Amino acid sequence: MIHHKATVRPRAQAQVDEGSTMLPDLVCLSHLRWDFVFQRPQHLMGRFARERRVFFVEEPWFRDGPVHLDVIEAAPNLTRVIAHLPWSLWHDADRAQRELLDPFFAERGVERPVLWFYNPVAAGFMRHVQPSAVVYDCMDELSAFRNPHPSLLEREAELLRRADLVFTGGRSLYEAKRGRHPSVHLFPSSIDAAHFGRARETQQEPAAQADLPRPRLGFFGVVDERMDLDLLAAVADARPEWQIVIVGPVVKIEMADLPRRPNLHFTGGATYDELPAWIAGWDVALIPFALNESTRFISPTKTPEYLAAGRPVVSTPITDVVRPYGENGLVRIASTADEFIRSVEAALAETDDERAAWLRRVDAFLEGTSWDRTWAAMADKVAEVVARSGGYEGVTGAAASI
């Protein structure tokens with residue numbers, strides 16, 4: 001028997017808005033850490049926390065030490081919950097997490113929550129929970145990533161059987177999932193245009209790139225098996241006068257495997273708030289992903305973020321970048337190192353008038369796209385399911401407030 005012990009790290013917590021007490025709590029089961037790269041889960045859960053309590057349950061940490069829950073009040077009404085387990089419990093992790101989470105949720109008064117899954121593996125230790133709605137927000141084809149959980153595909157099939165709603169983060173994922181569930185909805189990567197629009201203005205540059213000569217090419221995001229390291233090396237070798245800045249954490253690959261060149265700069269991670277200052281100092285933004293199983297279904301959030309920042313973009317032919325950004329002439333698509341170099345050269349050679357015309361098309365394309373709108377549309381669909389479940393009265397949609 002695992003004894004429940006919660007280590008609580010508090011932060012200031014606000015009350016949920018008046019009138020929202022009828023909304024069920026939301027329990028998010030995530031394969032990503034809240035304090036990792038700021039992306040889709042953080043955008044959406046942060047907005048849900050404006051109206052209800054959100055419990056962000058992360059993958060367990062397997063490490064030496066006592067079995068316990070780490071409970072962190074990460075933001076107003078948003079609580080991170082992380083199980084700490086020894087490696088000896090790896091094969092019994094479902095039971096271990098149930099025995100930690102059940103008393104925790106009971107103490108917090110969580111009843112019939114909305115279960116929101118990013119991590120299908122979590123279906124195993126949440127199958128006994130009676131929810132008001134079950135959502136599978138599929139943002140990646142995790143089975144195609146390096147070292148997937150051995151039960152991932154089995155758990156995803158279970159989750160698809162149980163889910164009321166399936167959302168997908170890109171068109172490729174939508175096409176892959178729409179035949180597996182009766183209620184699949186496409187919600188592509190969105191943007192906070194005002195946030196990234198700051199890059200169009202003069203910014204105080206981060207010290208790590210402030211003294212680099214121009215032109216500068218830049219990328220932000222996770223550096224993992226999706227990155228085409230050979231492409232980066234080839235571009236750096238062919239154009240030693242170009243400075244290539246790679247901003248983001250390195251995961252799943254060894255630092256020793258990264259190409260090392262005088263004009264290739266791996267700077268480590270940056271916070272979401274810092275990104276506009278980095279992008280403001282770039283002449284071209286890059287999406288140098290390899291074409292492999294791990295990138296077959298990805299829909300890079302950075303694509304509209306680069307565009308909102310006003311930077312020309314060169315990308316390898318990732319399907320969800322080609323459609324719609326490449327087809328609409330907003331992103332240059334390059335299949336080989338030579339094409340990539342020529343595309344960057346074309347971007348650097350644009351006249352002011354050409355750049356201004358491109359920006360007008362970018363802004364027209366992105367107009368009306370926002371995380372607020374995406375969240376509101378998702379919240380309305382969840383509210384419909386909750387209302388049909390009969391467990392909560394007075395549940396209303398969110399779109400009217402946007």
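Note that this is a predicted model, so its numbers are computed, not measured.
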Practice task
May I ask you to test the W282-F220 pair for a side-chain heavy-atom distance under 4.5 Å?
Solution key: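 In contact.
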Problem - Pair R161-E156, side chain to side chain contact (heavy atoms under 4.5 Å, CB included): steps then yes or no - result: CA-CA 9 Å; R161 290 192 297 270; E156 184 186 50; over 6 Å; no
Exercise for the section: Using a cut-off of 6.0 Å, state whether more than 12 heavy atoms not belonging to R171 lie near its atom CZ. Expected result: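 At most 12 heavy atoms, drawn from other residues, nucleotides or ligands, come within 6.0 Å of this atom.
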Practice task
Would you indicate whether D257, at its atom CG, is surrounded by more than 12 heavy atoms from other residues, nucleotides or ligands within a distance under 6.0 Å?
Solution key: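 Buried by this count: over 12 neighbours within 6.0 Å.
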Problem - Non-hydrogen atoms of A290 and T295 that approach each other most closely - result: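 Closest approach of A290 to T295, heavy atoms only: O-OG1, 2.7 Å.
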Exercise for the section: Work out which heavy atom in R178 is nearest to a heavy atom in V184; give both atom names and the distance. Expected result: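 Closest pair (atom of R178, atom of V184, distance): CA-CG2, 3.8 Å.
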Practice task
Identify the residue among D25, V57, V129, L100 that makes a side chain to side chain contact (heavy atoms under 4.5 Å, CB included) with F105.
Solution key: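 One option only clears the test, and that one is V57.
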Whether [X] and [Y] hold their rings parallel, tilted or perpendicular, with breakpoints at 30° and 60°:
X	Y	result
F289	F219	perpendicular
F62	W87	parallel
H185	F187	tilted
Y272	F196	perpendicular

Determine yes or no for a side-chain-to-main-chain donor-acceptor pair under 3.5 angstrom, with [X] supplying the side chain and [Y] the backbone.
X	Y	value
E274	T271	yes
E225	I253	no
Q97	A93	yes
S299	G170	no
H181	S183	yes
D164	V134	yes

Does the distance from a Lys or Arg side-chain N to an Asp or Glu carboxylate O, for [X] and [Y], drop under 4.0 Å?
X	Y	result
R127	E158	yes
R360	D363	no
E73	R108	yes
R40	E305	no
R155	D94	yes

Handout entry: Lys NZ or Arg CZ of R33 over W61 ring: under 6.0 Å, within 45°
Key =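 Yes, a cation-pi geometry holds between R33 and W61.
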Exercise for the section: Please step through salt bridge (charged side-chain N to carboxylate O under 4.0 Å, His left out) for the pair E293 and R226, ending with a clear verdict. Expected result: CA-CA 9 Å; E293 281 301 306; R226 294 171 293 178; over 6 Å; no
